[in-house]
J.: 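Mind having a look at this structure? Questions to follow.
For clarity, every value in this text was computed on a predicted model and none was experimentally measured.
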Amino acid sequence: MKMITAIIKPFKLDDVRESLSEVGVHGITATEVKGFGRQKGHTELYRGAEYVVDFLPKIKLEIAVTDDQVERVVEAILQSAHSGKIGDGKIFVSPLEQVIRIRTGEMDGDAL
């Protein structure tokens, strides 16, 4: 099992969710986060004063999948989150040791 974590632009969330649904993903956790990478923020003008916005709004997706789903899920995120502009985000794939469904006690693949 793997945990796929994706950081994407907020306006891409619906596109990514639809793409993941098409490849058979049944559950996603989405969190509003702020951060920066190579984009390093930007400056904005507010009431005549210029200020720096260091942390940009992003969406963090967490998706637990079986090993055989990883490639399809990563490809779906790549296709739907891509805009070709700086700040499109990143995808992280990590091993997932154990999953337990609290309601039923099901474990690992059955709990996904």
Side-chain angles (χ1 to χ4, degrees):
M1 296 176 300
K2 303 285 188 216
M3 176 63 79
I4 298 174
T5 304
I7 309 295
I8 63 171
K9 291 183 174 183
F11 67 90
K12 287 290 191 175
L13 178 58
D14 287 336
D15 294 340
V16 172
R17 186 180 48 80
E18 287 176 23
S19 293
L20 290 172
S21 179
E22 289 172 9
V23 296
V25 171
H26 301 295
I28 303 167
T29 300
T31 311
E32 291 181 10
V33 295
K34 292 184 180 209
F36 70 92
R38 290 184 182 163
Q39 201 173 358
K40 297 208 174 49
H42 62 279
T43 58
E44 288 187 5
L45 202 59
Y46 179 71
R47 294 191 176 181
E50 187 175 293
Y51 65 99
V52 177
V53 178
D54 290 331
F55 289 91
L56 300 171
K58 301 287 182 180
I59 298 290
K60 178 180 177 182
L61 300 176
E62 294 172 300
I63 309 140
V65 298
T66 57
D67 290 334
D68 60 318
Q69 291 179 299
V70 173
E71 284 186 45
R72 289 192 314 267
V73 171
V74 167
E75 188 60 33
I77 296 169
L78 281 172
Q79 295 294 322
S80 54
H82 180 264
S83 71
K85 297 188 173 112
I86 193 167
D88 272 353
K90 289 205 170 42
I91 300 171
F92 305 94
V93 180
S94 309
L96 188 57
E97 300 269 333
Q98 187 175 32
V99 178
I100 303 165
R101 185 184 312 263
I102 294 172
R103 179 177 55 88
T104 63
E106 293 171 299
M107 298 185 76
D108 299 330
D110 294 334
L112 294 178

J.: If you compare all heavy atoms of I4 against all heavy atoms of I77, which two are closest, and at what distance to 0.1 Å?
T.: CG2-CD1, 4.0 Å
J.: Before you tell me yes or no, could you show the steps for V33 and I59 under side chain to side chain contact (heavy atoms under 4.5 Å, CB included), namely the whole-Å CA-CA distance, both residues' side-chain angles and the distance that decides it to 0.1 Å?
T.: CA-CA 6 Å; V33 295; I59 298 290; over 6 Å; no
J.: Assess the residue pair K60 and T5 against the criterion (side chain to side chain contact (heavy atoms under 4.5 Å, CB included)); give the C-alpha distance rounded to whole Å, side-chain angles, the decisive distance to 0.1 Å, and a yes or no.
T.: CA-CA 7 Å; K60 178 180 177 182; T5 304; 3.7 Å; yes
J.: Can you see which heavy atom on S19 is nearest to which on S80, and at what distance?
T.: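 Scanning both residues, the minimum pair turns out to be OG-CB, 3.2 Å.
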J.: Which pair of non-hydrogen atoms, one from K12 and one from H82, has the smallest distance, and what is that distance?
T.: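 Closest approach of K12 to H82, heavy atoms only: NZ-O, 3.5 Å.
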J.: Which heavy-atom pair separates L61 from V16 by the least distance, and what is that distance?
T.: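 Closest pair (atom of L61, atom of V16, distance): CD1-CG1, 3.6 Å.
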J.: Treating K58 as the side-chain partner and G87 as the backbone partner, does any N or O pair qualify as donor plus acceptor under 3.5 Å?
T.: yes
J.: With a 4.5 Å cut-off on side-chain heavy atoms, are M1 and L112 touching?
T.: yes
J.: Is there a path of hydrophobic side-chain contacts, each under 4.5 Å between heavy atoms of I/L/V/M/F/W/Y residues, joining V74 to I7?
T.: no
J.: Do K2 and D67 have side chains that get closer than 4.5 Å, going by heavy atoms?
T.: yes
J.: Evaluate M3 against I63 for side chain to side chain contact (heavy atoms under 4.5 Å, CB included), listing each step before the verdict.
T.: CA-CA 6 Å; M3 176 63 79; I63 309 140; 5.7 Å; no
J.: Between atom CD1 of I8 and atom CG of D15, what is the distance when rounded to the nearest 0.5 Å?
T.: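 If we round to the nearest 0.5 Å, I8:CD1 and D15:CG are 8.5 Å apart.
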J.: Answer with yes or no whether the hydrophobic clustering places I91 together with I28; edges join I, L, V, M, F, W, Y residues whose side-chain heavy atoms lie under 4.5 Å apart.
T.: yes
J.: If you round to the nearest 0.5 Å, how far is NE2 of H26 from CG of L20?
T.: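 Reported to 0.5 Å precision, the distance equals 11.5 Å.
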J.: Rounded to the nearest 0.5 Å, how far does CD of Q69 lie from CD of E71?
T.: 12.0 Å
J.: From L56 CG over to I86 CD1, what is the distance, rounded to the nearest 0.5 angstrom?
T.: 10.0 Å
J.: Measure from the side-chain N and O atoms of D88 to the backbone N and O of G84, and report whether any donor-acceptor pair falls under 3.5 Å.
T.: yes
J.: What about L78 and V93, same hydrophobic cluster or not, with Ile/Leu/Val/Met/Phe/Trp/Tyr joined at side-chain heavy-atom distances under 4.5 Å?
T.: yes
J.: Could you pull out the closest heavy-atom pair between D108 and E97, with the gap in Å?
T.: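 Closest approach of D108 to E97, heavy atoms only: OD1-O, 4.1 Å.
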J.: Please check if atom CD in E32 has more than 12 non-hydrogen atoms from other residues, nucleotides or ligands closer than 6.0 Å.
T.: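 No, the 6.0 Å shell around CD holds no more than 12 heavy atoms from other groups.
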J.: Quick one, T31 with T29, criterion side chain to side chain contact (heavy atoms under 4.5 Å, CB included). Give me CA distance, side-chain angles, the key distance, then yes/no.
T.: CA-CA 7 Å; T31 311; T29 300; 4.3 Å; yes
J.: Check the side chains of S21 and E18 for a donor-acceptor pair under 3.5 angstrom, ignoring hydrogens and angles.
T.: no
J.: Starting from V99, can I reach V65 by hopping between I/L/V/M/F/W/Y residues whose side chains sit under 4.5 Å apart?
T.: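 They do not share one cluster, since no chain of ILVMFWY contacts under 4.5 Å joins V65 to V99.
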J.: Does any N or O in the side chain of S83 come within less than 3.5 Å of the main-chain N or O of K85, such that one atom is a donor and the other an acceptor?
T.: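 Looks like yes, one N/O pair under 3.5 Å.
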J.: Is the side chain of Q79 donor-acceptor paired with the backbone N or O of A76 at a distance under 3.5 Å, no angle test?
T.: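 Not a single qualifying donor-acceptor pair exists.
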